[in-house]
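Just passing along the structure, written as structure tokens.
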Amino acid sequence: MINKIFASPAEAVEDIFDGAVVMISGFGEAGSPIELIHALIDQGAKDLTVISNNTGSGHVGLAALIAHRRVAKMICSFPRTANSKVFPELYKNGEIELELVPQGTLAERIRSGGAGIPAFYTPTSVGTPLAEGKETREFNGKTYVMQHALEADFSLVKCKAADRYGNLIYNKTARNFGPIMCTAAKTTIVQAKQIVGLGDIDPETVVTPGIFVNKVVEVANPAEESKLVAEDRRYPW
Amino acid sequence: MVGNEEKKGWSIGEMAQKAALDILDGSYVNLGIGMPELVADYVPEGREVIYHTENGLLGMGPVPEPGKEDPELINAGKKCVTAIPGACFFHHADSFTMIRGNHIDICVLGALQISEEGDLANWSTGAPDAIPAVGGAMDLVAGDIKIYVISRHTTKTGEPKIVRECTYPLTGKNVVNTIYTDLAIIDVTDKGLFIRELAPGVTFDYVQERTEAKLNQYS
């Protein structure tokens with residue numbers, strides 16, 4: 001029998017090891033798997049390389065993981081937002097490494113990683129500082145820069161509903177990086193607002209096919225990051 | 001002249017209106033954060049325009065009524081928005097396929113500097129203590145999407161933003177099609193920068209004095 005359902009976030013993130021590469025879904029707070037991240041803080045893995053679009057807000061979620069010095073390197077497109085305090089401070093002190101990647105290149109590197117394509121050529125960033133030192137090639141008279149795929153040991157993803165096979169649907173713009181991150185990790189761990197029965201998700205509307213998902217945990221009432229930040233909450237509570 | 005300087009030219013709303021007039025019926029449009037967002041308020045009646053936001057929504061609607069905000073329904077500036085009937089959601093690789101693959105028709109962006117060749121700098125001033133952050137800016141200009149820039153003609157301190165060569169780190173080379181400033185609408189062409197329209201009370205020489213790059217007039 002296939003049953004990818006785990007009882008708690010803590011059990012779902014148990015295997016994450018020191019030095020792991022971890023993709024974390026979300027664009028700002030939308031789609032950020034905050035309970036899985038908090039479980040990872042409790043679990044203690046360190047020297048992580050984290051691939052995520054941003055670096056979190058306030059002192060919860062991804063920002064808390066960084067504040068606890070578990071992240072050695074961030075790969076992201078926009079490492080600051082209105083409420084990001086933790087990453088900017090560590091970065092200015094030289095205490096965390098940053099690989100800055102254009103957002104669409106970040107998405108395509110993840111998609112390629114999941115699709116078994118080791119590298120690709122893109123027009124994005126040609127002639128800019130972010131293409132310096134990278135291989136370029138001309139196709140049809142236009143210059144493109146080579147980018148390598150990204151793969152991870154683990155992906156942490158938030159979705160709206162999942163079944164025990166790992167089929168997923170998402171909520172509005174919280175989908176963002178979730179579907180591609182599910183494909184690009186050896187172990188994909190998902191927190192779902194609801195776990196539903198097999199067949200309850202119409203096969204025509206499944207967004208992430210279950211084959212890309214390894215572990216599912218129900219978090220029925222996920223925290224809202226912006227509310228926690230407004231209250232200046234810090235994890236662990 | 002100095003005393004009247006503030007009053008010359010178009011307001012921000014009028015600049016947005018000018019850019020909106022150049023968005024044809026049926027266009028798929030991506031609006032950058034800030035001043036470009038205003039363009040949506042001025043699309044002429046009778047034109048149906050679909051707005052794309054690169055975090056994964058086609059068919060972005062106006063800001064929600066107070067109390068109706070959904071933190072999982074946001075735009076690229078991470079502000080709460082709505083989805084119009086007929087909207088759709090998609091993941092990031094699809095979203096940037098729409099951009100890089102030239103499916104979006106027009107993108108309206110802000111600028112720090114624009115060169116006479118149409119190079120754009122809009123993501124970093126290159127200051128050594130700044131945290132570099134690029135987001136989707138470089139992807140939006142990488143394809144053959146029409147790039148409209150909406151920007152004040154000069155900086156707050158009066159320095160030209162339309163320059164011979166950008167001194168700030170580039171977002172893309174030779175990417176801008178049209179510039180809408182408070183003083184003029186300027187087309188970027190293979191033969192240089194051409195003024196298409198001057199704001200009321202503004203002369204060609206007045207704009208040229210505030211522009212480092214050479215401007216031309218259509219004959």
Side-chain angles (χ1 to χ4, degrees), chain A residues 27-31 53-55 57 76-82 84 87-88 91-92 98 100-108 110-112 114-115 122-131 143-144 158 160 170-183 207-208 224-227, chain B residues 53-57 60 69-83 87-102 117 119-121 123-124 126 128-144 166 168-175:
Chain A
F27 180 85
E29 73 171 306
N53 192 58
N54 307 102
T55 61
S57 288
C76 69
S77 89
F78 209 85
R80 54 180 157 80
T81 50
S84 62
F87 180 87
Y91 181 76
K92 279 180 184 167
L98 169 67
L100 188 71
V101 184
Q103 201 172 326
T105 297
L106 182 65
E108 193 61 16
I110 296 166
R111 196 197 68 81
S112 298
T122 175
T124 300
S125 84
V126 169
T128 80
L130 296 190
T143 306
Y144 296 79
K158 183 186 183 186
K160 180 179 178 179
Y170 298 82
N171 186 41
K172 305 187 181 80
T173 55
R175 184 183 306 194
N176 57 66
F177 285 92
I180 50 175
M181 286 183 170
C182 284
T183 69
V207 176
T208 291
E224 273 186 38
E225 186 183 281
S226 50
K227 282 187 183 161
Chain B
T53 181
E54 64 266 25
N55 55 310
L57 165 60
M60 178 173 62
E69 297 91 350
D70 178 347
E72 296 201 320
L73 181 48
I74 59 173
N75 67 9
K78 304 192 176 76
K79 287 190 212 132
C80 289
V81 293
T82 51
C88 55
F89 300 110
F90 35 83
H91 64 64
H92 256 67
D94 278 353
S95 188
F96 284 86
T97 292
M98 295 175 196
I99 293 168
R100 219 190 294 100
N102 303 327
E117 306 236 290
D119 298 350
L120 175 67
W123 68 283
S124 166
D129 61 335
I131 313 282
V134 66
M138 289 184 182
D139 304 285
L140 285 162
V141 302
D144 289 327
C166 295
Y168 293 142
L170 289 187
T171 306
K173 279 183 83 67
N174 194 7
V175 296

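Below, read A as the first sequence line, B as the second, and so on, with proteins coming before strands; counting in each chain starts at 1.
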(message) Below 4.5 Å, heavy-atom pairs only: which of A/L130, A/I110, A/V207 has the largest tally toward chain B?
(response) A/L130
(request) Could you grab the distance from atom NZ of A/K172 to atom CG of B/N55, nearest 0.5 Å is fine? (result) 13.5 Å
(request) Begin with the C-alpha distance, continue with both residues' side-chain angles, and end with the deciding distance and a verdict on side-chain contact (heavy atoms from CB on, under 4.5 Å) for B/E72 and A/K160. (result) CA-CA 11 Å; B/E72 296 201 320; A/K160 180 179 178 179; over 6 Å; no
(request) Could you look at A/Y170 and say if it's the side chain, the backbone, both or neither that has a heavy atom under 4.5 Å from chain B? (result) neither
(request) Quick one: pull up OG1 in A/T124 and CZ in B/F96 and give me the separation to the nearest 0.5 Å. (result)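 If we round to the nearest 0.5 Å, A/T124:OG1 and B/F96:CZ are 8.5 Å apart.
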(request) Can you tell which part of B/F89 gets under 4.5 Å to a heavy atom of chain A, answering side chain, backbone, both or neither? (result)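 Its backbone and side chain both get close to chain A.
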(message) Testing the basics here: between A/T105 and B/D139, what is the closest heavy-atom pair and its distance to 0.1 Å?
(response)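 Heavy atoms of A/T105 and B/D139 come nearest at N-OD1, 3.4 Å.
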(request) Considering non-hydrogen atoms only, spot the tightest contact between B/P132 and A/P79 and give its length. (result) O-CG, 3.1 Å
(message) Show the nearest heavy-atom pair for residues B/R100 and A/T122, with the distance to one decimal.
(response) CD-OG1, 3.3 Å
(request) For B/G136 and A/Q103, work out which heavy atoms get closest and say how close. (result)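 Scanning both residues completely, I find the closest heavy atoms to be N-OE1, 3.1 Å.
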(message) For B/D119, which atoms come within 4.5 Å of any heavy atom of chain A: side chain, backbone, both, or neither?
(response) neither
(request) Name the region of B/L73, side chain, backbone, both or neither, that has any atom closer than 4.5 Å to a heavy atom of chain A. (result) both
(message) Counting only non-hydrogen atoms closer than 4.5 Å, does A/Y91 touch chain B with its backbone (N, CA, C, O), its side chain (CB onward), both, or neither?
(response) side chain
(message) Testing the basics here: between A/I180 and B/A93, what is the closest heavy-atom pair and its distance to 0.1 Å?
(response) CG2-CB, 3.8 Å
(message) Under 4.5 Å from any heavy atom of chain A, what part of B/S124 do you find: side chain, backbone, both or neither?
(response)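 Interface part for B/S124: neither.
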(request) Between chain B and each of A/G31, A/P179, A/S226, count heavy-atom pairs under 4.5 Å; write down the option with the most. (result) A/P179
(request) Of all the heavy-atom pairs spanning B/I74 and A/F27, show the shortest one and how long it is. (result)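 Closest pair (atom of B/I74, atom of A/F27, distance): CD1-O, 3.7 Å.
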